[in-house]
Amino acid sequence: MDLSLPFALVFALILPIIRAQVPHWGPCPEPAVQPAFNLKQFMGRWFEIAKLPAQFERGRCIETNFTLTTSNSIRVVSSEILKGELKKIEGIGVVEDIKNPAKLGISYSYVLPYSPYWILSTDYVNSALVYSCTDILRLFHVDFAWILGRTRTLPESTIEKAKESFANNNIDVSRMIPSSRTRSERYRAVFRTKIRKG
């Protein structure tokens, strides 16, 4: 049996991911997640404060709104301003393990599998730490990390504490950057969108 073809196919599928992110040797870390996570309390609007660079997030003013649909599934609507236009994408999220409800899976396409979306820490009313990681043949992994806030900004001390928490879980956040956010630009984009629909 020729194994080169399946390997080549897998490599072709993961190549865009590798190009977009900085790969790390070895399998994904296994960080601790929020104990006794309450999915209902986590629902609502979250603003992106800081992140590891992600190819699929190229705009600014990124935010996500979560809505509970069943006890174990949610509606996910993410938005950003890209080239002066308000862009939205809708997906679904599920609790993949009832015993570990902080380990969510999210997908923005019916043809794609759920991607890990783990809530490492949250107080539900101020901030949240989110982590996602994908193993590549268990040889190396690519990951994403976000600091979210209920408001558009967080105190610098809160951000530094969040970074320390990631690092304590063996997650490299040395490349973490502040999310680009200009409130007035978002309002202008929303206004233009409403004008077109009108």
*Does E90 come within less than 4.0 Å of R75, counting only side-chain N to carboxylate O?*
yes

Does a side-chain heavy-atom distance below 4.5 Å link [X] with [Y]?
{"X": "R150", "Y": "F47", "value": "no"}
{"X": "W118", "Y": "E30", "value": "yes"}
{"X": "M176", "Y": "K51", "value": "no"}
{"X": "I98", "Y": "N72", "value": "yes"}
{"X": "W46", "Y": "T122", "value": "yes"}
{"X": "P53", "Y": "I177", "value": "yes"}

How long is the straight-line distance from [atom2] of [Y] back to [atom1] of [X], given to the nearest 0.5 Å?
{"X": "C133", "Y": "H141", "atom1": "SG", "atom2": "NE2", "value": "4.5 Å"}
{"X": "C61", "Y": "E48", "atom1": "SG", "atom2": "CD", "value": "10.5 Å"}
{"X": "K161", "Y": "E156", "atom1": "NZ", "atom2": "CD", "value": "14.5 Å"}
{"X": "L154", "Y": "S157", "atom1": "CG", "atom2": "OG", "value": "9.0 Å"}
{"X": "I49", "Y": "I62", "atom1": "CD1", "atom2": "CD1", "value": "11.0 Å"}
{"X": "I147", "Y": "F166", "atom1": "CD1", "atom2": "CZ", "value": "5.5 Å"}

The side-chain hydrogen bond (donor to acceptor under 3.5 Å, both in side chains) partners of N168 (sequence neighbours excluded) come to none

Sorted by chain and residue number, the side-chain hydrogen bond (donor to acceptor under 3.5 Å, both in side chains) partners of S174 (sequence neighbours excluded) come out as D172

May I ask you to decide if [Y]'s main-chain N or O and [X]'s side chain share a donor-acceptor pair within less than 3.5 Å?
{"X": "Y124", "Y": "K40", "value": "no"}
{"X": "S127", "Y": "L148", "value": "no"}
{"X": "D97", "Y": "K99", "value": "yes"}
{"X": "T64", "Y": "V77", "value": "no"}

Give the intermediate values and the outcome of salt bridge (Lys or Arg N to Asp or Glu O under 4.0 Å) for residues E63 and R45. CA-CA 7 Å; E63 60 183 69; R45 192 181 192 186; 2.8 Å; yes

Sequence neighbours left out, cut at 3.5 Å: what donor-acceptor pairs do the side chains of residues 103-112 make with other protein atoms?
unit_1: S107; atom_1: OG; unit_2: S109; atom_2: N; d: 3.3
unit_1: S107; atom_1: OG; unit_2: S109; atom_2: O; d: 2.6
unit_1: S107; atom_1: OG; unit_2: L112; atom_2: O; d: 3.1
unit_1: Y108; atom_1: OH; unit_2: S78; atom_2: OG; d: 2.8
unit_1: S109; atom_1: OG; unit_2: V111; atom_2: N; d: 3.2

(message) I'd like to know whether V33 forms a side chain to side chain contact (heavy atoms under 4.5 Å, CB included) with N100, so could you lay out the CA-CA distance, the side-chain angles of the two residues, the decisive distance to 0.1 Å, and finally the verdict.
(response) CA-CA 8 Å; V33 295; N100 231 333; 3.5 Å; yes

For the student: nearest non-hydrogen atoms of [X] and [Y], plus distance:
{"X": "S79", "Y": "K88", "answer": "CB-CG, 3.7 Å"}
{"X": "N169", "Y": "A32", "answer": "OD1-N, 3.2 Å"}
{"X": "P29", "Y": "I171", "answer": "CG-CG1, 4.2 Å"}

Parallel, tilted or perpendicular: ring planes of F42 versus F66, cut at 30 and 60 degrees:
tilted

The side chain to side chain contact (heavy atoms under 4.5 Å, CB included) partner of I74 among I92, T67, N65, L39 is L39

Full working for side chain to side chain contact (heavy atoms under 4.5 Å, CB included) between S179 and W146: CA-CA 9 Å; S179 297; W146 298 271; over 6 Å; no

- [ ] Would you kindly confirm whether I89 and F144 end up in one hydrophobic cluster when ILVMFWY residues are joined by side chain heavy atoms under 4.5 Å apart?
- [x] yes

**Request:** Give the C-alpha distance, both sets of side-chain angles, the deciding distance and a yes or no for side chain to side chain contact (heavy atoms under 4.5 Å, CB included) between T134 and S115.
**Result:** CA-CA 8 Å; T134 301; S115 297; 5.7 Å; no

Check: Is there a donor-acceptor contact under 3.5 Å linking the side chains of D143 and Y131?
Finding: yes

